[in-house]
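Quick notes on the structure that follows.
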There are 2 protein chains.
Amino acid sequence: MKRIVVVEDEAFMREELENLLQKAGYEVRAVDSFEHVAKNLLEMSPNLILLDLNLPNLSGFQICREVKQKSPIPVVILTSRDQMRDELHALEIGADEYLTKPCRKERLLARIANVLKRYEGRANLLEGEGFLLDRQTYTLYIHDASVVLPKNQGKLLEVFLLGGQKVVTKEDLCDALWGTSEFIDENALQVNLTRLKKTMTNLQMHQKIVPVRGEGYRLMMEDGTDEA
Amino acid sequence: MKRIVVVEDEAFMREELENLLQKAGYEVRAVDSFEHVAKNLLEMSPNLILLDLNLPNLSGFQICREVKQKSPIPVVILTSRDQMRDELHALEIGADEYLTKPCRKERLLARIANVLKRYEGRANLLEGEGFLLDRQTYTLYIHDASVVLPKNQGKLLEVFLLGGQKVVTKEDLCDALWGTSEFIDENALQVNLTRLKKTMTNLQMHQKIVPVRGEGYRLMMEDGTDEA
DNA sequence: GAAAAACTTACAGCGATTGTAAGTTTTTTT
DNA sequence: AAAAAAACTTACAATCGCTGTAAGTTTTTC
């Protein structure tokens with residue numbers, strides 16, 4: 001069963017939504033506290049997040065952005081703010097749907113179903129600049145093409161994507177490859193890295209792996225600018 | 001560059017749309033004749049279809065349904081029909097977005113960009129009942145999990161999915177596996193089929209392959225009903 | 001119950017991926 | 001400019017998973 005988390009501060013509205021969604025066959029949870037929402041949200045690992053924009057303290061935009069940075073979970077925004085500006089902004093930072101209150105039940109349900117449908121198979125995709133990586137199979141999607149990376153190359157790329165723009169140490173990489181970083185096999189790691197680099201250039205990817213002398217490696221844009 | 005095909009019978013509106021989309025950096029084509037639209041559409045292999053509902057002769061719904069049956073191309077509906085009934089129906093038969101005229105340019109562009117973003121990596125996915133298959137890598141997506149099928153199993157499953165509910169002959173299958181159906185190697189084919197069946201049951205897929213004595217095989221629902 | 005079709009299982013060959021080894025090149029330091 | 005450290009390259013052999021082969025058994029149909 002698909003799990004939906006509702007983020008809405010007004011109690012009456014929240015209950016109504018919970019009811020509606022439950023009747024429609026979803027498992028529903030609501031966020032009670034509004035501190036560290038983004039973090040709490042991810043821990044519930046929902047299939048979809050239904051988000052109000054006007055919340056105490058924190059902005060709904062901020063939550064949406066945080067969720068989208070850290071996960072591929074779809075976000076549907078349901079709000080009373082009907083300004084075009086807000087809608088465009090929401091879509092820009094990655095919201096998957098923007099609905100304004102009042103919203104007919106049928107429309108809400110239809111749009112939610114629609115978003116969920118589009119997310120089938122995306123649950124485990126990591127996002128890079130201009131490409132996607134499936135964490136389970138190491139299938140790489142780029143430019144309407146797809147390739148399955150050899151396991152080791154996939155594991156390495158995965159570590160880089162999870163690390164964001166940070167420097168990744170050789171320990172981290174060895175850990176990912178062999179489950180231990182006790183004795184680092186510099187050579188074997190080097191060879192595997194070279195292989196990944198080669199396939200990345202062959203695929204004309206927009207990010208590349210560069211060494212950080214003495215510290216490890218890091219993922220950058222082709223042209224040398226930082227990512228994101 | 002992403003290619004968008006516009007299906008709209010009113011000339012003024014059509015030109016305005018073409019203009020807007022071109023300025024936004026898309027390659028735009030328009031459909032002139034409205035016969036065999038669905039077929040013509042697919043031949044243009046667009047990245048997205050922008051569709052009006054009120055067309056001479058044919059219903060936009062029908063076009064949308066046909067496109068969705070035969071391809072994974074996203075369809076955005078832009079129409080003057082503002083009945084909730086129409087919107088629900090459109091979403092039900094697989095439309096990815098439903099917008100009503102008049103529609104602000106910014107909103108149209110934002111929604112189109114949004115849909116295109118969600119379709120990254122989906123260009124080569126075939127749809128089965130409850131699962132997706134990548135035609136290039138034979139990566140299979142099911143229940144938030146993914147597996148890469150061995151090439152032969154992938155090729156076989158691909159043939160079944162392309163064939164729809166029809167019976168697939170052994171010639172077809174041999175053709176897919178070895179590029180020829182001159183001498184059918186009954187045995188090798190049998191073994192490969194068995195392997196595919198096994199992984200399908202292991203993955204608890206909702207469709208299965210059943211023999212049609214003397215004719216070949218066909219893909220059905222678990223419970224024996226026909227598919228969709 | 002006999003024939004045809006469909007299926008099962010084990011094994012050996014082959015190819016792709018991986019770790020190893022022995023280098024060379026680049027960068028930094030003195 | 002020489003030496004040392006870090007980063008990289010290339011080729012080869014072991015390994016693992018996929019495939020076709022062979023020799024069966026089981027199921028269906030008449």
Side-chain angles (χ1 to χ4, degrees), chain A residues 136-140 147-160 167-203 208-220 224, chain B residues 136-140 147-160 167-203 208-220 224:
Chain A
Q136 301 188 45
T137 62
Y138 304 121
T139 305
L140 180 69
V147 202
V148 177
L149 297 182
K151 267 189 221 3
N152 282 356
Q153 296 185 37
K155 285 179 184 173
L156 291 177
L157 183 54
E158 184 185 13
V159 175
F160 282 109
V167 173
V168 176
T169 68
K170 296 185 183 185
E171 280 82 12
D172 295 336
L173 295 169
C174 287
D175 227 39
L177 286 182
W178 303 295
T180 175
S181 55
E182 295 185 32
F183 300 107
I184 298 181
D185 184 338
E186 295 266 0
N187 192 230
L189 175 59
Q190 176 67 61
V191 171
N192 278 292
L193 266 173
T194 301
R195 283 169 183 155
L196 172 58
K197 286 184 180 185
K198 193 176 198 171
T199 73
M200 287 178 78
T201 54
N202 285 346
L203 292 172
K208 64 177 180 182
I209 292 165
V210 295
V212 179
R213 199 153 236 254
E215 292 190 62
Y217 295 85
R218 102 197 199 70
L219 196 59
M220 320 182 70
Chain B
Q136 300 188 50
T137 62
Y138 303 122
T139 305
L140 180 69
V147 201
V148 178
L149 298 182
K151 268 190 216 12
N152 280 357
Q153 294 184 39
K155 286 180 184 174
L156 291 177
L157 184 53
E158 183 184 13
V159 175
F160 282 109
V167 173
V168 175
T169 68
K170 297 186 183 183
E171 281 82 11
D172 294 336
L173 295 170
C174 288
D175 227 39
L177 286 183
W178 304 294
T180 176
S181 55
E182 295 185 31
F183 300 106
I184 299 182
D185 184 337
E186 294 267 1
N187 192 229
L189 176 59
Q190 177 66 62
V191 172
N192 278 290
L193 266 173
T194 301
R195 285 171 181 155
L196 173 57
K197 286 185 181 186
K198 192 175 198 171
T199 72
M200 287 178 78
T201 55
N202 285 345
L203 292 172
K208 64 177 180 181
I209 293 165
V210 294
V212 180
R213 198 151 240 255
E215 291 190 63
Y217 295 85
R218 106 197 196 66
L219 196 59
M220 314 183 74

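Just so it is clear: chains get the letters A, B, ... in the order the sequence lines come, proteins before strands, and each one is counted from 1. Below, each value reflects all heavy atoms present in this structure, side chains not excepted, and no hydrogens, waters or symmetry copies.
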If the cut-off is 4.0 Å, is [X] near the phosphate of [N], judged by side-chain N/O to OP1 or OP2?
{"X": "B:Asn152", "N": "D:dG20", "result": "yes"}
{"X": "B:Asn192", "N": "D:dG20", "result": "yes"}
{"X": "B:Trp178", "N": "D:dT19", "result": "no"}
{"X": "A:Tyr217", "N": "D:dC8", "result": "yes"}
{"X": "A:Gln190", "N": "D:dA7", "result": "no"}
{"X": "B:Lys170", "N": "C:dA6", "result": "yes"}
{"X": "A:Lys197", "N": "D:dA7", "result": "no"}

Between [atom2] on [N] and [atom1] on [X], what's the gap in Å once rounded to a whole number?
{"X": "A:Glu186", "N": "C:dG23", "atom1": "CD", "atom2": "C1'", "answer": "16 Å"}
{"X": "A:Leu173", "N": "D:dC8", "atom1": "CG", "atom2": "P", "answer": "12 Å"}
{"X": "B:Leu193", "N": "D:dT27", "atom1": "CG", "atom2": "C1'", "answer": "17 Å"}
{"X": "B:Glu215", "N": "D:dT29", "atom1": "CD", "atom2": "C1'", "answer": "15 Å"}
{"X": "A:Lys208", "N": "D:dC8", "atom1": "NZ", "atom2": "P", "answer": "11 Å"}
{"X": "A:Leu177", "N": "C:dT18", "atom1": "CG", "atom2": "C1'", "answer": "11 Å"}
{"X": "B:Arg218", "N": "C:dA5", "atom1": "CZ", "atom2": "P", "answer": "20 Å"}
{"X": "B:Leu189", "N": "D:dG20", "atom1": "CG", "atom2": "P", "answer": "10 Å"}

On DNA chain C, does the nearest nucleotide to A:Val148 precede the nearest nucleotide to A:Arg213 from the 5' side, or the other way round? Give the residue. A:Val148
Which part of the nucleic acid, if any, lies within contact of B:Asn187, taking any heavy atom under 4.0 Å across all strands shown: a base, the sugar-phosphate backbone alone, or nothing? base
Please give me the minimum heavy-atom distance between A:Leu157 and A:Leu196, naming the atom from each residue. N-CD2, 3.8 Å
Tell me the closest heavy-atom pair linking A:Leu177 and A:Lys155, and the distance in Å.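 Scanning both residues completely, I find the closest heavy atoms to be O-NZ, 3.6 Å.
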For the side chain of A:Thr194, starting at C-beta, report the closest nucleotide among C:dT8, C:dC7, D:dT9. D:dT9
Among C:dG19, C:dC11, C:dC7, which is the nearest nucleotide to the side chain of B:Arg195? C:dC11
Under 3.5 Å, is there a donor-acceptor pair linking the side chains of A:Thr199 and A:Asn202?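 No pair is found: no donor N or O on one side chain lies under 3.5 Å from an acceptor on the other.
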Consider side chain to side chain contact (heavy atoms under 4.5 Å, CB included). Of B:Val212, B:Leu193, B:Val210, B:Val159, which one does B:Tyr217 pass it with?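 With B:Tyr217 as partner, side chain to side chain contact (heavy atoms under 4.5 Å, CB included) holds for just one option, B:Leu193.
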Name the one of B:Gln153, B:Met200, B:Gln190 that satisfies side chain to side chain contact (heavy atoms under 4.5 Å, CB included) with B:Arg195?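 By the side chain to side chain contact (heavy atoms under 4.5 Å, CB included) criterion, B:Arg195 pairs with just one of B:Gln153, B:Met200, B:Gln190: B:Gln153.
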